[in-house]
2 protein chains.
Amino acid sequence: MTTEPTPKPLPPAARRTDAERNRAKILTAAREAFADPDAEVSMAEVARRAGVGMATLYRNYPGRPELLQALYADEVDAICQAAEAADGQSPGEALQAWLRQLFTFFAGKRHLAAELLKHTDRGDPLFDGGRAGVVAAGAPLLAAAQAAGTIRGDLDIEQVLDLVHAVATIRGDPARVQPLLQAALDGLRGLKAG
Amino acid sequence: MTTEPTPKPLPPAARRTDAERNRAKILTAAREAFADPDAEVSMAEVARRAGVGMATLYRNYPGRPELLQALYADEVDAICQAAEAADGQSPGEALQAWLRQLFTFFAGKRHLAAELLKHTDRGDPLFDGGRAGVVAAGAPLLAAAQAAGTIRGDLDIEQVLDLVHAVATIRGDPARVQPLLQAALDGLRGLKAG
DNA sequence: AGCGAAGCGGATAGGCTTTCCACTTCACCC
DNA sequence: GGGTGAAGTGGAAAGCCTATCCGCTTCGCT
């Protein structure tokens, strides 16, 4: 995705070299600032840290949500790809393993993810690259698990993602949250008997 | 917990009649304003609606969290009392029914509750009347259900509350959230078999 | 009726996000 | 190598927010 060596056919990016440099500075500064999952970072502070003006920030990322999305875009890609690496596992195990990865990702980003989800009232174009990608990646896993009878059939992938995300928003000692994730995942399987 | 009918020994409240009236006006206005669970209401707007100045608002409720807490204090009381009315049900059923009530309460208050929980990093004095009360009310229910073997033993009431609250934060059609609550509650029972 | 103090409204400080405009700096072309 | 137009820039400004402060009003009691 790093468009640099385009000597002639410069398609969408790579306008001016200094502009590109600033874009990078902003991204780096933002990543540093958001590293602490509980810190509240303002746009102004990102600009300050990056050593650029507000205009530069907002020119590169039209708003707060866009910046946040850019911050973890590659991580989301990685998760989507991880959905395909279901080696020698059963469909149920594969889904569960993937959901755990997703949980870890969400938990590490907590309020960042929450902020993003807030803007995503079905069909937000911002998430056609984010959420929609995850949905597309997870759908086959869920379908396979449901076909194998390991997961209750009355849920779709969006619901499952919502549940995992919700559990990831729980604060506190990971040792206390982990059993809750386990409970939620168990619940997806449905009850075997009274 | 509702201190009102103190005709003579007025210990902490009931200073001046107009002040008490204003307190009531604020509470009423705030309830109206927060009725829509998705509206974002500012302190200034509450003051405006109530027809009082900022000073009056902040005098009665030192900050936003305190106002929110006052808003639903009586509902929390009701829920706590509901925990005792476990008629002819099994311990597991009683707990589940009570958690559903709690879920409904949370879901109706969504971001309001989320905002409050945000300030509650273990032992926040603000919640010694709110969360702690719910914890105390729910603990026996959980203990009974665990003793009956209906609920997995490695969870305490705080964790269960966190899970229910998390599920209640999920937005969208209730018909889509309801199965998720069911899944979460099922998960609390633990798996019966692979 | 008078008076002290409790209570009041509105202005204010300091933050935030986002927009805007006059100036700077780059990249290209002669 | 230098001129030029547009892309890019910084910082100020508008409009929100929460929370505080101060001089005036109004209550309740004598």
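Letters go in sequence order (proteins before strands), and every chain restarts at 1. Values below: every heavy atom of this structure, side chains too, minus hydrogens, waters and symmetry copies.
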Please report the distance, rounded to the nearest Å, between [atom1] in [X] and [atom2] in [N].
| X | N | atom1 | atom2 | answer |
| --- | --- | --- | --- | --- |
| B/K25 | C/dG9 | NZ | P | 7 Å |
| A/L57 | C/dC16 | CG | P | 13 Å |
| A/I26 | D/dG10 | CD1 | C1' | 12 Å |

> When you look at A/L142 and A/W98, which way does the side chain to side chain contact (heavy atoms under 4.5 Å, CB included) test go after all the steps?
Replying inline: CA-CA 10 Å; A/L142 177 63; A/W98 185 69; over 6 Å; no
> Residues two or more places apart in sequence or in another chain: which of them pass salt bridge (Lys or Arg N to Asp or Glu O under 4.0 Å) with A/E75?
Replying inline: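 Partners of A/E75 under the salt bridge (Lys or Arg N to Asp or Glu O under 4.0 Å) test: A/K109.
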> Listed by chain and number, what are the side chain to side chain contact (heavy atoms under 4.5 Å, CB included) partners of B/A144, not counting sequence neighbours?
Replying inline: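 Checked B/A144 against side chain to side chain contact (heavy atoms under 4.5 Å, CB included); matches are B/P91.
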Could you pull out all donor-acceptor pairs under 3.5 Å where a side-chain atom in residues 46-61 of chain A meets a protein atom, sequence neighbours excluded?
| from | atom 1 | to | atom 2 | distance (Å) |
| --- | --- | --- | --- | --- |
| A/R49 | NE | A/E45 | OE2 | 3.3 |
| A/N60 | OD1 | A/R23 | NH1 | 3.3 |
| A/N60 | ND2 | A/T56 | O | 2.8 |

> For B/N22 and C/dC8, is the shortest distance between a side-chain N/O and OP1 or OP2 below 4.0 Å?
Replying inline: yes
>> Can you tell me if A/T56 touches the phosphate of D/dG10, counting only side-chain N or O atoms and a distance under 4.0 Å to OP1 or OP2?
In response: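 Yes, because at least one side-chain N or O of A/T56 sits under 4.0 Å from OP1 or OP2 of D/dG10.
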> Going through the checks in order, is the side chain to side chain contact (heavy atoms under 4.5 Å, CB included) test met by B/D162 and A/R176?
Replying inline: CA-CA 10 Å; B/D162 282 347; A/R176 293 178 60 79; 5.6 Å; no
>> With a 3.5 Å distance limit and no angle check, can you tell me whether A/Q178 reaches the backbone of A/A175 through a side-chain donor-acceptor pair?
In response: no
Return all side-chain donor-acceptor pairs below 3.5 angstrom for residues 100-107 of chain A, not counting sequence neighbours, or 'none' if the list is empty.
| from | atom 1 | to | atom 2 | distance (Å) |
| --- | --- | --- | --- | --- |
| A/R100 | NH2 | A/Q182 | OE1 | 2.3 |
| A/T104 | OG1 | A/R100 | O | 3.0 |

>> Within the 4.0 Å limit for protein heavy atoms, which parts of nucleotides 18-30 of chain D are touched? Write it as a string from 5' to 3', B for base, S for sugar-phosphate only, - for none.
In response: SBBB----BSS--
Polar pairs (N or O, both sides) under 3.5 Å between protein and nucleotides 3-5 of chain D?
none

>> Quick test of your reading of the model: are A/D186 and B/R152 salt-bridged, counting only N-O distances below 4.0 Å?
In response: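 Between B/R152 and A/D186 there is a salt bridge, with a charged N closer than 4.0 Å to a carboxylate O.
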